[in-house]
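Only one structure is covered here, and it is reproduced in the block below.
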Protein chains: 2
Amino acid sequence: MKNKRMFWNIVEKIETLIDSGAYPPGSRLPPERELAESFSVSRPTVREAIIALEVRQRVEVKTSSGVYVLEMQQDKQESKPVSAFELTQARALIEGEAAALAAMTITEAELAKLKLTLDAMQKGINADQADKEFHVIISNATRNNAVSLAVENLWRLRDSRDEIKAAYKNVCSQSDSDRLEEHRAIYTALANKDSQAARSAMHHHFNRLINSLFEVSEAKALEEVKRKSSETRGLYSLNHLVS
Amino acid sequence: MKNKRMFWNIVEKIETLIDSGAYPPGSRLPPERELAESFSVSRPTVREAIIALEVRQRVEVKTSSGVYVLEMQQDKQESKPVSAFELTQARALIEGEAAALAAMTITEAELAKLKLTLDAMQKGINADQADKEFHVIISNATRNNAVSLAVENLWRLRDSRDEIKAAYKNVCSQSDSDRLEEHRAIYTALANKDSQAARSAMHHHFNRLINSLFEVSEAKALEEVKRKSSETRGLYSLNHLVS
DNA sequence: GTGAATTTATTGGTATTACCAATAAATGGT
DNA sequence: ACCATTTATTGGTAATACCAATAAATTCAC
C-alpha cells in the first residue's frame, strides 16, 4: 500500500532529478505546468511538492520567474564518515574529561541515580538504556551544558550510523559483565570525588571497548584486511592514556 | 512590501495558534475548510500552509481524519543555555585532548598551514578567522572525524549565541598578543610531537581566556553580581589542569 | 438491551479551470 | 543602437467538483 500522498512522490522525483545533475544549483526548473504534465499529475500537486522542497531549502521560488535550485548545504554531520573506532576514541577523550570534571561537582542525588543504572544493568533488563543513562548522568553532573551537549552529540552520532550501531551491538552483548564492572569502577571513583581515578576508569572502559571492536573486526576480516587493521590500530589506540 | 506568499502568513498564524496553546500537542486542528474561512483564504492556500508545517514536523496529516499537532521536538541545542564560561571550559577539555592526539598524527603540511595562521594573526588581518583555522586544523590533524565534529559543534555553538560572541569579542580584541603567543606555544609543542606539552599549552590558552572572561564580567558587574561570579569561578576553573 | 453491521456525514486528496500579477522576452518607435 | 511599449510566460490565488478514507450515527439482528 502506498499511503503516501501524491505530492511526496513528486518531491522524490524532483529531488532525484536535482541530485542526478539534470538541474544543477542555480538552474531553473521547468514551469509548474510542464512538470505537472510530465509527471501526469495536476498543477496543485506539483505546487505542493515545490513548497515541500522550498521548506527543505532545496529550491527557491521566484514569483513570476521560476523555481531555482539552491546550493546543497551539506550537513557536515552527514558528510564526514565516522567509524566506530573514531567514535569510541572520541568518547574516551571527551567522556574521560567529563568524568574528571563530574568527580568534583557530582551530587549525592546523581550518585544515587548512577547506582540505579548499575542495578538495572546487573539485572540485565534494558542494559543498553541503563548504559546510556549512566553516561548521560555523568555528563550532566559536570554542570557544564557545553560538555553535556558534546556528549549527547556523540551519542546521536552513534545512533545515526547503522554500521556503528551494529559494531557496538556485537561487542556490548558479548561482554555485559565487563561493562558492568567498568561502570562500577567509574562510579566508585566519582563517589570518592577522585578526578584522576574517574578519568582513568573511563579511559579503561573505552579502551576495553576499542580493543573488543578490533577483535571483532579482525575475526571477521580476511588476512588482507587484517593487515590494514593492524596499521590503524596504532592510530586509534588509547595506550598513551591508560596508565 | 509583503512579497511573501499568502501561505507563509497562514503558516505563521497557525504556528502562533499552536504555540499559544490553543491547539496542544496531540489535538486536532480545525478542518481545512474552516481554517480557510476563518483566515479568509482559499482552501488550497491553507493546504499549502499545512504542508509546510508538515515538512517542518510541526503537524501530522491523517488522511480523512484531520491534522494533528505533533510534540515539539525541541532542539536540545537551543533549549540548554550555555554560557561563555561553560563553552570555554568545554573547549579546553576537548581541544586539549585533540591537541594531545594531534601531536602524534599531525603532518608537516598541517604544521605548515598552522604556521600560516600564526603569520596572518601577527599581521593582524583576519585575526579571528586565523584563530578559527588554527583550531580547526588541529582538530582535523587528529585523524578522528568524531573529534573534528565535536570541535566544530563547539564552534557552531559559539557562533549561535550572541551573548557568547559578544563576550569573546570583548576578550579577544584586547589581548591579541597573548593569543598569538599561546598559539605559538601550541604550535611548538605540536611540531615537537609532544602530546603532554600540546595538551598543557592548549589548557593554558583557554585558562587565560576564561580568566579574562571573568575579569570582564567582573568589571561590568555590580557588587552583588561579583559575589555570584566568585562562587561560580571555582566551578569553571581550570586550575586542576594547568600544572 | 446489546452488539455488530450498515449507512451517513465529515475530512482530507486530487484534479480542473479560471483569472490575476509580476516578470522577462519580444517588438516597435525614435 | 537604445529606450519604451507590448506580449507571452510564469507563478499566485481562488473556486469548484468529485473521490476515498475515516469516524460517527443509525439501523438491524439477536
Side-chain angles (χ1 to χ4, degrees), chain A residues 1-19 22-72, chain B residues 1-19 22-72:
Chain A
M1 283 287 283
K2 303 188 68 174
N3 280 337
K4 279 190 305 188
R5 278 168 293 168
M6 196 66 65
F7 83 86
W8 284 118
N9 296 336
I10 308 302
V11 167
E12 229 171 272
K13 285 182 182 175
I14 296 179
E15 219 160 19
T16 303
L17 281 176
I18 293 175
D19 290 335
Y23 302 105
S27 69
R28 209 194 66 176
L29 259 50
E32 290 181 353
R33 292 166 174 83
E34 276 184 37
L35 289 172
E37 192 182 6
S38 70
F39 292 136
S40 300
V41 294
S42 72
R43 204 182 137 204
T45 302
V46 171
R47 280 185 58 77
E48 290 170 354
I50 289 175
I51 285 170
L53 289 169
E54 190 183 11
V55 174
R56 287 193 187 172
Q57 308 254 313
R58 297 276 337 227
V59 300
E60 180 189 8
V61 176
K62 289 191 168 183
T63 297
S64 306
S65 172
V67 181
Y68 296 85
V69 180
L70 286 178
E71 203 70 52
M72 242 305 230
Chain B
M1 284 279 283
K2 301 190 69 174
N3 280 336
K4 281 191 302 186
R5 278 167 293 169
M6 196 67 64
F7 83 86
W8 284 118
N9 296 337
I10 308 301
V11 167
E12 230 172 88
K13 286 181 182 174
I14 295 178
E15 220 160 16
T16 304
L17 282 176
I18 293 176
D19 290 335
Y23 301 105
S27 70
R28 207 193 68 176
L29 259 51
E32 290 182 352
R33 291 167 175 84
E34 278 184 36
L35 289 172
E37 193 182 4
S38 70
F39 292 136
S40 301
V41 295
S42 71
R43 207 183 134 201
T45 302
V46 172
R47 282 185 58 75
E48 291 170 354
I50 289 175
I51 285 170
L53 289 169
E54 190 182 10
V55 174
R56 286 193 187 172
Q57 307 255 312
R58 297 265 353 213
V59 300
E60 179 189 9
V61 176
K62 288 190 170 183
T63 298
S64 306
S65 171
V67 182
Y68 297 85
V69 180
L70 287 179
E71 202 71 52
M72 228 332 213

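Residue numbering restarts at 1 for every chain, and letters A, B, ... go by the order of the sequence lines.
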Between the protein and nucleotides 18-23 of chain C, list every N/O to N/O distance that falls short of 3.5 Å.
| unit_1 | atom_1 | unit_2 | atom_2 | d |
| --- | --- | --- | --- | --- |
| C:dA22 | N3 | A:S64 | OG | 3.1 |

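Closest contact between the side chain of B:R5 and the listed nucleotides D:dG12, C:dG13, C:dT11 involves D:dG12.
In the helix from C:dG1-D:dC30 to C:dT30-D:dA1, the rotation axis of the first five pairs and that of the last five pairs differ in direction by 10°, rounded to 10 degrees.
Applying the side-chain contact (heavy atoms from CB on, under 4.5 Å) rule to A:S64 yields no partners; only residues at least two apart in sequence or on another chain are considered. Residues satisfying the side-chain contact (heavy atoms from CB on, under 4.5 Å) test with B:Q57, not counting sequence neighbours, are B:Q73. By the side chain to side chain donor-acceptor pair (under 3.5 Å) test, A:E15 is found to be paired with A:R56, residues two or more places apart in sequence or in another chain being considered.
Within the nucleic acid shown, A:P44 comes within 4.0 Å of at least one base atom, counting heavy atoms only.
Spacing between atom CD of B:E32 and atom C1' of D:dA17 amounts to 15 Å, rounded to whole angstrom units. With rounding to whole Å, B:K62 atom NZ is found 13 Å from C:dG12 atom P. For the pair B:L29 CG and C:dT11 P, the computed distance is 12 Å after rounding to whole Å. Atom-to-atom, CD of B:E34 to P of C:dA9 comes out at 18 Å; the value is rounded to the nearest Å.
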Show me, pair by pair, the donor-acceptor contacts under 3.5 angstrom made by side chains of residues 22-33 of chain B, not counting sequence neighbours?
| unit_1 | atom_1 | unit_2 | atom_2 | d |
| --- | --- | --- | --- | --- |
| B:S27 | OG | B:P24 | O | 2.6 |
| B:R28 | NH1 | B:S65 | O | 3.3 |
| B:E32 | OE1 | B:R43 | NE | 2.8 |
| B:E32 | OE1 | B:R43 | NH2 | 3.2 |
| B:E32 | OE2 | B:R47 | NH1 | 3.1 |

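Residue B:R47 places at least one side-chain N or O under 4.0 Å from the OP1 or OP2 atom of C:dG13.
Between B:W8 and A:E54, some side-chain heavy-atom pair lies under the 4.5 Å cut-off. Within the 4.5 Å cutoff, the side chain of B:I14 has heavy atoms near those of the B:F39 side chain. Side-chain contact between A:I18 and A:V59 is present, with at least one heavy-atom pair separated by less than 4.5 Å.
A donor-acceptor contact shorter than 3.5 Å links the side chain of A:T16 to the backbone of A:E12.
Each of A:R28 and B:T45 was matched to the nucleotide of DNA chain D holding its nearest heavy atom; the match closer to the 5' end belongs to A:R28.
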